[in-house]
Protein chains: 2
Amino acid sequence: MDQVEIFKALSNKTRLQILNWLKAPAENFPDQPNADFENVGVCVGQIQVKAGLSQSTISEYLSILQRADLVCATRVGQWTYYKRNKEGLAQLSKIINSEL
Amino acid sequence: MDQVEIFKALSNKTRLQILNWLKAPAENFPDQPNADFENVGVCVGQIQVKAGLSQSTISEYLSILQRADLVCATRVGQWTYYKRNKEGLAQLSKIINSEL
DNA sequence: TTGGTATATCGGGAAAAGTCGATATATATT
DNA sequence: AATATATATCGACTTTTCCCGATATACCAA
């Protein structure tokens, strides 16, 4: 993964906030029905409402985070759930500590 | 310091490269005369030549990195020397590990 | 198969970033 | 004071990002 793309993905207040929310999904998304935060994460609609931006914007933002390996997606029926990508985040930490 | 500004500063191939070069100034800037890499760092001109972009662009890039607390500047005579800002980089590492 | 809901993609207008050459400023030398 | 060098700032143009509404696609239920 291109390092620049990772940092671009993080260069936006809302996207940073989403990643932060996904650290504690149960607290940040108490309204999600049938929540399976561990396995799949949080669905797009819940994130969209909390972020207060349009559906298309949040969908786009999530795919930017996904392309940067910062979150991963699971489709279940008509919902797409997103959660943190621990490997990608560990990789990022490694970059910071060893290359910068 | 605004987190978004830090990540924006890192969202550029040349700026990432500069930070990486400054990890090992003696190896990356062997031509700098009267080098005092430990105390002051590397001067703008050396970085500019190595990066291959215009003087104004590199000056601007260094100030973006400085505003993000990723490097610090020392003026000595007509030269400005830049080196890594260890505190800022440690702060960044902390953000990644605790908030994302 | 028709309709409803969730998400993704497309097209676009406004704002920001990338990058340059020209110019200004600060310092050093003569 | 005049000139030379290093760096910073300015103005402009191009490319990218932000964010939206509209539309398409995928899936579900009746």
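Quick note on labels: first sequence line is chain A, next is B, and so on, each numbered from 1.
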Self-check item: Interatomic distance, Lys8(A) NZ vs dT15(D) P [rounded to whole Å]
Solution: 14 Å
Exercise. Kindly point out which of dG18(C), dA8(D), dA8(C) is positioned nearest to the side chain of Tyr82(A)?
Key: dA8(C)
Quiz prompt | Options dG21(C), dA6(C), dT7(D), nucleotide nearest the side-chain atoms of Ser59(B) | solution = dT7(D)
Quiz item: Where the side chain of Asn20(A) meets the backbone of Leu16(A), is there a donor-acceptor pair that is under 3.5 Å apart?
Solution: no
Quiz item: Nearest-Å distance, CH2 (Trp79(B)) to C1' (dA4(D))?
Solution: 11 Å
Quiz prompt | Rounded distance in Å - CD (Glu60(A)) to C1' (dT23(D)) | solution = 16 Å
Quiz item: Looking at dC19(D), dA28(C), dC28(D), which one has an atom nearest to any side-chain atom of Gln78(B)?
Solution: dA28(C)
Quiz item: Starting at the 5' end of DNA chain D and moving along, which residue's nearest nucleotide shows up first, Leu53(A) or Val76(A)?
Solution: Leu53(A)
Quiz item: Quick one: CG on Leu22(B) to CG on Leu100(A), what's the gap to the nearest 0.5 Å?
Solution: 10.5 Å
Quiz item: Of Thr57(B) and Glu5(B), whose closest DNA chain C nucleotide lies nearer the 5' terminus?
Solution: Glu5(B)
Practice problem: For the residue pair Thr57(B) and Ser54(B), confirm or rule out a side-chain donor-acceptor distance under 3.5 Å. | Solution: yes
Practice problem: Find the distance Asp2(A):CG to dT16(D):C1' and express it as a whole number of Å. | Solution: 15 Å
Exercise. Report which part of the nucleic acid Ser11(A) touches: base, sugar-phosphate, or nothing (heavy-atom distance under 4.0 Å, all strands).
Key: sugar-phosphate
Quiz item: Of Asn12(A) and Arg75(A), whose nearest nucleotide on DNA chain D comes first from the 5' end?
Solution: Asn12(A)
Quiz item: What integer distance in Å separates Gln55(B):CD from dA24(C):C1'?
Solution: 12 Å
Quiz item: Looking at NZ of Lys8(A) and NZ of Lys8(B), how far apart are the two atoms once the value is rounded to the nearest 0.5 Å?
Solution: 12.5 Å
Self-check item: Distance, rounded to the nearest Å, where Lys13(A) contributes NZ and dA16(C) contributes P
Solution: 15 Å
Quiz item: Roughly how far apart are Gln66(A) CD and Ile64(A) CD1, rounded to 0.5 Å?
Solution: 11.5 Å
Quiz item: Choosing from dA22(D), dA8(D), dT5(C), which nucleotide comes nearest the side chain of Ser56(A)?
Solution: dA22(D)
Quiz item: Quick one: Ile64(A) CD1 to dT16(D) C1', roughly how many Å, whole number?
Solution: 11 Å
Quiz item: When you measure from the side chain of Ser54(B), which nucleotide among dG18(C), dC19(D), dG21(C) comes out closest?
Solution: dG21(C)
Quiz prompt | Euclidean distance, atom OH of residue Tyr61(A) to atom P of dC20(D) [Å, nearest integer] | solution = 7 Å
